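Structure first, then comments.
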Amino acid sequence: MKAKKMPRWLRDTLSVVGAMSVLLIAYNLFVAKQPDWGIVPVQIALALIAVGAWSFLSYRSRAKRQLAAKQAAEAAQRRAEEQQQAAAREADHAVVRRQKNQQHRQQPK
């Protein structure tokens, strides 16, 4: 699978767990007196599951927030346009009213 076709949350998960795995293996090689190599694959699998779930949920919630913000911005833009149209209509009606008032004043009584 190409890296560009993978979802971003999965790429981020693999890079984080990859770095964690390197650190875990380096710790077992150089620091631990009697490392238990049997649990290393289990630890890596659990890290993949935990970090993957966290990344997936994080990216999904971020996408929802961005969609809500986009919808709110579009709604605000529509309201602003409607207010501008209403102001323009009111200005047109005001001009018509003034003209009618002037016509009524100019009529002889």
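Nothing here was measured: the structure is a model prediction, and the numbers come from that model.
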side-chain hydrogen bond (donor to acceptor under 3.5 Å, both in side chains) contacts touching residues 42-58 (sequence neighbours left out): Thr13-Ser55
OG on Ser61 to CD on Gln66, rounded to 0.5 Å: 9.5 Å
Residues which pass ring-ring contact (aromatic ring centres under 6.0 Å, His included) with Tyr27, listed by chain and number, not counting sequence neighbours: none
Residues 53-77 vs salt bridge (charged side-chain N to carboxylate O under 4.0 Å, His left out), sequence neighbours excluded, gives none
Among residues two or more places apart or on two chains, list those pairs meeting salt bridge (charged side-chain N to carboxylate O under 4.0 Å, His left out) that have a residue in residues 76-104. Glu90-Arg97
So, for [X] and [Y], which heavy atoms are closest and what is the spacing to 0.1 Å?
X	Y	answer
Ser21	Ile44	OG-CG1, 3.4 Å
Pro41	Gly38	CD-O, 3.6 Å
Pro35	Ala32	CD-O, 3.9 Å

Co-members of the apolar cluster containing Ile49 [side chain, <4.5 Å]: none
Going by side-chain heavy atoms closer than 4.5 Å, which hydrophobic residues are tied to Ile39, directly or by a chain of links? none
Would you say Trp9 and Leu46 are hydrophobically clustered, going by side-chain heavy atoms of ILVMFWY under 4.5 Å? no
Hphob cluster co-occupancy, Val22 + Phe30, side-chain heavy atoms under 4.5 angstrom: no
Would a 4.5 Å heavy-atom cut-off, applied to side chains only, mark Leu48 and Leu14 as touching? yes
Heavy-atom distance under 4.5 Å between the side chains of Ile25 and Trp37, does that happen here? yes
